[in-house]
Trainee: 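The structure under discussion is supplied below as structure tokens; questions concerning it will follow.
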Amino acid sequence: MTVRRQIEQLLAAALAAAQADDRLPAIDTDDLGVERSRVKEADFSSTLPMRLARAVGAAPRDIAATIVDSIAPSPMLAEVSVAGPGFINFLLADAWLAERIAEILESGTAFGRSDAGAGRRVQVEFVSVNPTGPLTVGHGRGAVLGDVLARVLDATGHAVQREYYVNDSGNQVRLLGASMYSHYAAEFDVEVAFPAGGYLGDYVVDWARAIAAEEGRRFLELAEDDAVDEFTRLGIELALGAIREHLGELDIEFANWFHESELHAAGAVTGAIDRLRDRGHVAEREGAVWFVHGDEGDDSENVLVKRTGEPTYLTTDIAYHRNKFEEREFELVIDILGADHHGHAPRMHAAMDALGIPRERLTYLICQMVHVVVEGIPVKQSKRAGDFELFSQLVADVGPDATRYHMLARAADSQMEFDVDLARSQTEENPVHKIRYAHARIASILRKAADQKIDTAEADLSLLTEAPELDLIRTMLDYPELLDSAGRTLEPHHLPHFALNLAGQFNSYYHVHRVISEDKERTRARLQLVSAVKQVLANILGLMGITAPERMVREAEAEAETGA
RNA sequence: GCGCUCGUAGCUCAGCGGAUAGAGCACUGGUCUUCGGAACCAGGGGUCGGGGGUUCGAAUCCCUCCGGGCGCGCCA
């Protein structure tokens, strides 16, 4: 149980006691307003008295005093007081704090994890980039966000599935096929018109050439339509291969790759239209079939089936989501979308209503754009022009750890700048480096202790009395709370900030206080403290998918070693 | 024009109803040579885009204006 929960229980009991003997009127409150305190005199504060003031008809400070009188003594609390306009302040006891180290070490990798999600089936669908080319850095942001979100949900007790939706039908992939076919034919001096709006990236030429080299001119024997079919199939394969490979460099893997073509094959798309028609949400006019719903004013009608008889993207996506909820019975689905597709979310929510599926079960997280900055100059990204910044380039340049950290450190709904020079940096101006280095530093201290045959199994934790030591423990105890909140709000961007803060606190502590000293007893206690910090750093880095090294080797040293 | 979103320190960003608004970097001044100096300590720096409203209390909620981004296809 988190510390906050424990304090809430003490407070709830005190309120009930005060109400039982009529010192306070019986008023129901669902929120006790207990939060980490912003003032240094307290660890936790409750705003309950101020919340109650109006209903009770008394001054907040008086209510606070009444409640404080009823709070049962607890070994965890050093002091409970009334402060400011009517806060109840809770100060944790030093001895109690010190003892938490044992709990953290005992929990180990499980420290912070919870079963708050109660095994609920959740799907996180992310990336889902059209298989028409490699990932851009913008896609990469969604990839990291989705992956870490899945990790967070798993750590908070959900049954999580990661899924990639492959749009392997329709115009876009066919356009890729046609673009490749044109380049392919050119290899044999046969001119095939490049399609309007075709794909311009260099990779299209590369792929076409590779096929020409491997397969020869046999596709030229086919009718153009059939040849484009073949190239579409090959293009999808190549694109997915590249995407899979580049995600793999960040250890991002999907449990399921769901192909749009499966929906068509199973008749799920026409099934979805029938379903909407049954529920009175379909109209036919102008040769097209329309989805009619009450939302969005002017946008309350959308085409389901084009005049050509083909379903639109919206229609297959409705079928797809029906499959998620009705066939596969996910309780909650989280879709991560790029900002350029955010307009899709309200339509899908309208579709959920129309299908009779509660719209709260479908959450869209919108990922805003990423501006890559190199030497202070923004790198222009334009997929159309073919000179876009590739995600794989970025990862190759700054490494998976820095990529993950910096992508994660900003709230999804803010645009972000990715400073390549900072991310590349191997000094402590780079936050990722600082955190990983703190972990390695502790590992180094523990190695030294082991060399000196210091037994760390038993320690008198009450010897941890220095303010920075107790503050480190306080920070570590915030970790379960942080994780829980990240799981509820779906906002993993707090993780990197927490890790940076803990690493910074440790750095300050270790510079002032020697862990290994002549004082054997204190040494053992501090080694346990420092082990706990290492554990928490490892846990949070693991959650972000960032490596936690036992030692760090400078690039210069690494070169010297391999050179020698 | 309509919709979504962002506007907080010189820069990049947290905070999103509570008590003197925070971090990293940058800047200034110190400490100094390590249990890994790939530092640490201290300090300066903010009309929380402007205005109005709700509230005991607003960076946080509502309205409005200004500015940036993204959408508004029988594309996906």
Side-chain angles (χ1 to χ4, degrees), chain A residues 33 35 37-39 41-42 45-47 50-51 53-54 59-60 83-87 89 128-130 132 167 169-173 175 197 260 286-290 296-299 302-317 338-346 366 368-369 371 373 376 406 409-411 413-419 422 425-431 433-434 436-437 440-449 451-452 493-494 496-498 500-501 504 507-517 523 526-527 530 551-557:
Chain A
E35 291 171 2
S37 185
R38 302 172 66 136
V39 293
E41 298 78 34
S45 300
S46 170
T47 55
M50 289 176 283
R51 290 162 190 270
R54 176 178 292 233
F87 292 97
N89 279 349
S128 298
V129 175
N130 282 343
T132 54
N167 297 118
S169 307
N171 297 332
Q172 297 301 319
V173 284
L175 210 45
E260 181 190 340
E286 299 164 34
V289 179
W290 297 75
E296 314 309 318
D298 291 342
D299 189 31
N302 309 93
V303 171
L304 289 171
V305 182
K306 307 177 206 171
R307 260 194 298 258
T308 60
E310 299 164 274
T312 61
Y313 176 83
L314 174 66
T315 313
T316 49
D317 211 36
D340 52 344
H341 288 123
H342 77 265
H344 187 60
I366 312 298
Q368 295 294 329
M369 308 196 69
H371 301 284
V373 176
H406 291 281
R410 275 83 183 95
D413 56 10
S414 315
Q415 289 178 44
M416 65 169 284
E417 218 167 80
F418 196 110
D419 184 336
L422 176 64
S425 155
Q426 302 255 325
T427 67
E428 296 207 15
E429 73 187 16
N430 184 357
H433 188 270
K434 189 177 210 156
R436 296 177 72 246
Y437 186 41
R441 223 174 223 164
I442 297 171
S444 169
I445 293 170
L446 296 177
R447 276 195 298 274
K448 177 163 179 170
D451 287 348
Q452 297 182 8
H493 69 275
H494 295 112
H497 291 104
F498 178 90
L500 180 61
N501 184 32
N507 283 346
S508 304
Y509 168 68
Y510 125 109
H511 270 277
V512 181
H513 302 280
R514 293 206 134 243
V515 175
I516 299 173
S517 68
T523 296
R526 287 185 172 174
L527 282 168
V530 153
R551 58 182 80 225
M552 290 179 77
V553 182
R554 291 164 118 167
E555 276 180 2
E557 289 169 8

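Here is the naming used below: chain letters follow the sequence lines, and residue numbers restart at 1 for every chain.
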Trainee: Side chains of residues 442-449 of chain A: which donor-acceptor pairs under 3.5 Å do they make with residues two or more places apart or in other chains?
Mentor:
from: A/R447; atom 1: NH1; to: A/E550; atom 2: O; distance (Å): 3.0

Trainee: What is the nucleic acid contact for A/M416, judged by heavy atoms within less than 4.0 Å: base, sugar-phosphate only, or nothing?
Mentor: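 Sugar-phosphate contact only - A/M416 comes under 4.0 Å of backbone atoms but never of a base.
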Trainee: Got a sec, which residues hit salt bridge (charged side-chain N to carboxylate O under 4.0 Å, His left out) with A/R410, two or more places apart in sequence or on another chain?
Mentor: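 Scan of A/R410 (salt bridge (charged side-chain N to carboxylate O under 4.0 Å, His left out), adjacent residues dropped) gives none.
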Trainee: Under 4.0 Å, counting only non-hydrogen atoms across every strand here, what does A/E286 touch: a base, just sugar-phosphate, or nothing?
Mentor: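 Here A/E286 touches the bases of the nucleic acid.
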Trainee: Using a cut-off of 4.0 Å on non-hydrogen atoms, how would the nucleic acid contact of A/Q415 be classed: base, sugar-phosphate, or nothing?
Mentor: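 Base: the residue A/Q415, judged by heavy atoms under 4.0 Å, touches a nucleobase.
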Trainee: Looking only at N and O atoms, is any donor in the side chain of A/H342 or the base of B/G3 less than 3.5 Å from an acceptor on the other one?
Mentor: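 Yes, a donor-acceptor pair under 3.5 Å.
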Trainee: Across the strands shown, which category fits A/A83 at heavy-atom distances under 4.0 angstrom: base, sugar-phosphate, nothing?
Mentor: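 Since a base atom lies under 4.0 Å of A/A83, the category is base.
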Trainee: Is A/S45 reaching over with its side chain to a backbone N or O of A/S37, donor-acceptor style, under 3.5 angstrom?
Mentor: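 No, the answer is negative, given that no donor and acceptor are paired below the 3.5 Å cut-off.
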Trainee: Just call it for A/H406: base, sugar-phosphate, or nothing, with non-hydrogen atoms closer than 4.0 Å on any strand.
Mentor: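 No contact.
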Trainee: On a whole-Å scale, what distance lies between the P atoms belonging to B/C11 and B/A26?
Mentor: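 About 15 Å, rounded to a whole number of Å.
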Trainee: Taking only side-chain N and O atoms of A/Y510, does any of them lie within less than 4.0 angstrom of OP1 or OP2 on B/G37?
Mentor: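 Checking B/G37 against A/Y510, a side-chain N or O does come within under 4.0 Å of OP1 or OP2.
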Trainee: Are the ring of A/F87 and the six-membered base ring of B/G18 within the stacking cut-offs of under 5.5 Å and under 30°?
Mentor: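 It does not: the ring fails the test against the base of B/G18.
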Trainee: Please test A/H494 against A/F498 for ring pair (Phe, Tyr, Trp, His ring centres under 6.0 Å), starting from the C-alpha separation and ending with a verdict.
Mentor: CA-CA 6 Å; A/H494 295 112; A/F498 178 90; over 10 Å; no
Trainee: Write down the distance separating the P atoms in B/C6 and B/U60, rounded off to the nearest Å.
Mentor: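 Looking at atom P only, B/C6 and B/U60 are 13 Å apart.
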Trainee: Roughly how far apart, to the nearest Å, are B/C4 and B/G22 at atom C1'?
Mentor: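 These two C1' atoms come out 29 Å apart once rounded.
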Trainee: What nucleotide, of B/C40, B/G18, B/A76, holds the atom closest to the side chain of A/N171?
Mentor: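 The answer is B/A76, which lies nearest to the side chain.
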Trainee: Side-chain donor or acceptor of A/T132 under 3.5 Å from a matching atom on the base of B/A76?
Mentor: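 Not at all, since no donor on one side and acceptor on the other fall under 3.5 Å apart.
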Trainee: Work out how far the P atom of B/G24 is from that of B/A42, and round it to whole angstrom.
Mentor: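 Per the computed distance, 11 Å lies between those P atoms.
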Trainee: Please confirm whether the shortest side-chain N or O distance from A/S508 to OP1 or OP2 of B/C41 is below 4.0 Å.
Mentor: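 Yes, because at least one side-chain N or O of A/S508 sits under 4.0 Å from OP1 or OP2 of B/C41.
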Trainee: Using only modelled atom types and a 3.5 angstrom limit, is any donor from either the side chain of A/H341 or the base of B/A76 paired with an acceptor on the other?
Mentor: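 Checked by distance alone, the answer is yes.
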Trainee: Less than 4.5 Å apart, any side-chain heavy atom of A/R526 and any of A/Y509?
Mentor: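 A side-chain contact under 4.5 Å exists here.
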Trainee: Does A/T316 reach a base, just sugar-phosphate, or nothing at all? Heavy atoms under 4.0 Å.
Mentor: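 No contact.
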Trainee: Output the rounded distance in Å from CD (A/E417) to P (B/C6).
Mentor: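 Roughly 18 Å, once rounded to whole Å.
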Trainee: I need the CG-P distance between A/L314 and B/C74, as an integer number of Å.
Mentor: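 For the pair A/L314 CG and B/C74 P, the rounded distance is 11 Å.
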Trainee: What contact category does A/H433 fall into here, base, sugar-phosphate, or nothing, at under 4.0 angstrom with non-hydrogen atoms?
Mentor: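 Base contact.
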Trainee: Rounded to the nearest angstrom, tell me the gap between atom CE in A/M369 and atom P in B/C13.
Mentor: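 Whole-Å distance recorded here is 14 Å.
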Trainee: In this structure, how many angstroms lie between the C1' atom of B/A39 and the CE atom of A/M552, rounded?
Mentor: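 Distance, rounded to whole Å: 15 Å.
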Trainee: Taking all atoms of both residues into account, what is the closest heavy-atom pair of A/A339 and A/I366, and its distance?
Mentor: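 Taking A/A339 first and A/I366 second, the nearest heavy atoms are CA-CG2, 3.7 Å.
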Trainee: Please convert RNA chain B into dot-bracket. A pair counts if it is Watson-Crick or G-U wobble with both distances under 3.5 Å; crossing pairs go in [ ] and bases paired with another strand get |.
Mentor: (((((((..((((....[...)))).(((((.......))))).....(((((..]....))))))))))))....
Trainee: Check every strand shown and say whether A/N89 touches a base, only sugar-phosphate, or nothing at a heavy-atom separation below 4.0 Å.
Mentor: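 It contacts base atoms.
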Trainee: Do A/T312 and B/A76 share a donor-acceptor pair, side chain to base, under 3.5 Å?
Mentor: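 A donor-acceptor contact between them is absent.
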Trainee: Taking only N and O in the side chain of A/K306, is any of them less than 4.0 Å away from OP1 or OP2 of B/G73?
Mentor: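 A/K306 to B/G73 OP1/OP2: no side-chain N or O under 4.0 Å.
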Trainee: Describe the nucleic acid contact of A/S414 in one word from base, sugar-phosphate, nothing, applying a heavy-atom distance below 4.0 Å.
Mentor: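 The answer is sugar-phosphate, as A/S414 gets under 4.0 Å only of primed atoms, P, OP1 or OP2.
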Trainee: In whole Å, measure the gap between the C1' atoms of B/C72 and B/U64 for me.
Mentor: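 Going atom to atom, C1' in each nucleotide, I get 23 Å.
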Trainee: Over all strands shown, is A/S444 touching base, sugar-phosphate only, or nothing at heavy-atom distances under 4.0 angstrom?
Mentor: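 Here A/S444 touches the bases of the nucleic acid.
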Trainee: Taking the P atom of each, how far is B/G68 from B/G73, in whole Å?
Mentor: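 Those two atoms are separated by 23 Å.
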Trainee: Just how far, in rounded Å, is C1' of B/C72 from CG of A/D340?
Mentor: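 That distance rounds to 13 Å.
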Trainee: Identify the two heavy atoms, one from A/N89 and one from A/V39, that lie closest to each other, and give their separation to 0.1 Å.
Mentor: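 Taking A/N89 first and A/V39 second, the nearest heavy atoms are ND2-CG2, 4.2 Å.
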Trainee: Of the candidate nucleotides B/A76, B/U55, B/A19, which contains the atom at the shortest distance from the side chain of A/E260?
Mentor: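 Ranking B/A76, B/U55, B/A19 by closest atom to the A/E260 side chain puts B/A76 first.
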Trainee: Which part of the nucleic acid does A/D413 contact within heavy-atom distance under 4.0 Å: base, sugar-phosphate only, or nothing?
Mentor: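 Contact class for A/D413: sugar-phosphate only.
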Trainee: Output the distance between atom CD (A/E260) and atom CG (A/N130), rounded to the nearest 0.5 Å.
Mentor: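 Reported value, rounded in 0.5 Å steps: 8.5 Å.
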Trainee: Taking only side-chain nitrogens and oxygens of A/N167, does any of them come within less than 4.0 Å of OP1 or OP2 of B/A76?
Mentor: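 No, because none of the side-chain N or O atoms of A/N167 sits under 4.0 Å from OP1 or OP2 of B/A76.
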Trainee: Could you state the CD1-C1' distance from A/I366 to B/C70, rounded to the nearest angstrom?
Mentor: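 Rounding to the nearest Å, CD1 of A/I366 and C1' of B/C70 are 10 Å apart.
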Trainee: Which nucleotide, B/U5, B/C40, B/A19, lies nearest any side-chain atom of A/Q368?
Mentor: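 Looking only at heavy atoms from C-beta outward on A/Q368, the closest nucleotide is B/U5.
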Trainee: What residues, two or more places apart in sequence or in another chain, satisfy ring-ring contact (aromatic ring centres under 6.0 Å, His included) together with A/H344?
Mentor: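 A/H344 satisfies ring-ring contact (aromatic ring centres under 6.0 Å, His included) with A/Y313 once adjacent residues are dropped.
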Trainee: For B/C13 and B/U54, measure between their P atoms and round to the nearest Å.
Mentor: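 My reading of the P atoms in B/C13 and B/U54 gives 35 Å.
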Trainee: Between B/C48 and B/A59, how many Å separate the two C1' atoms, rounded to a whole number?
Mentor: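 The same atom, C1', in both gives a distance of 4 Å.
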Trainee: Answer with base, sugar-phosphate or nothing: what part of the nucleic acid does A/A339 contact at a heavy-atom distance below 4.0 Å?
Mentor: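 If one applies the 4.0 Å heavy-atom cut-off, A/A339 turns out to touch the sugar-phosphate alone, with no base involved.
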Trainee: Can you tell which of B/C13, B/G18, B/A19 lies closest to the side chain of A/R410?
Mentor: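 For A/R410, the side-chain atoms sit closest to B/C13.
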Trainee: Roughly how many Å is it from NE2 in A/H511 to P in B/C41, rounded to a whole number?
Mentor: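 Distance, rounded to whole Å: 8 Å.
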Trainee: What is the nucleic acid contact for A/S517, judged by heavy atoms within less than 4.0 Å: base, sugar-phosphate only, or nothing?
Mentor: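 The residue A/S517 makes no contact with any strand.
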Trainee: Are there any protein N/O atoms within less than 3.5 Å of an N/O atom in nucleotides 21-30 of chain B, and if so, which ones and at what distance?
Mentor:
none

Trainee: Rounded to the Å, how far apart are A/H344 NE2 and B/G71 C1'?
Mentor: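 My rounded result for the distance is 13 Å.
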Trainee: Extract from the structure each pairing of a protein N or O with an N or O of nucleotides 42-44 of chain B at less than 3.5 Å, listing the distance.
Mentor:
none

